[in-house]
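The model shown is predicted, which means the values in this text are computed figures rather than measured ones.
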Amino acid sequence: MFKVIVVVLLLIIIGLLLHINSKLPVRDRVQEAMELDRERRNNEN
């Protein structure tokens with residue numbers, strides 16, 4: 001019985017996290033990495 005409760009709670013938590021994640025704006029990670037690299041290179045010089 002305890003295992004069933006744990007599994008149900010985990011599924012609820014996963015569902016909530018996926019719901020929150022779907023509300024976040026889409027990020028272009030490649031573009032962010034390129035901008036960060038460009039900034040770091042400019043700061044070195």
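The hydrophobic cluster containing Val4 also includes Val8, Ile12, Leu16, under a criterion of side-chain heavy atoms closer than 4.5 Å among ILVMFWY residues, counted directly or through chains of members.
Of the listed residues (Ile5, Val6, Val7, Leu11), just one forms a side-chain contact (heavy atoms from CB on, under 4.5 Å) with Leu9, and that residue is Ile5.
Take Asp37 and apply the side chain to side chain donor-acceptor pair (under 3.5 Å) test, not counting sequence neighbours, and it matches Arg41.
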Contacts under 3.5 angstrom, residues 19-27 side chains, donor-acceptor by atom type, not counting sequence neighbours:
residue	atom	partner	partner atom	Å
Ser22	OG	His19	O	2.7
Arg27	NE	Glu32	OE2	3.1
Arg27	NH2	Glu32	OE1	2.8

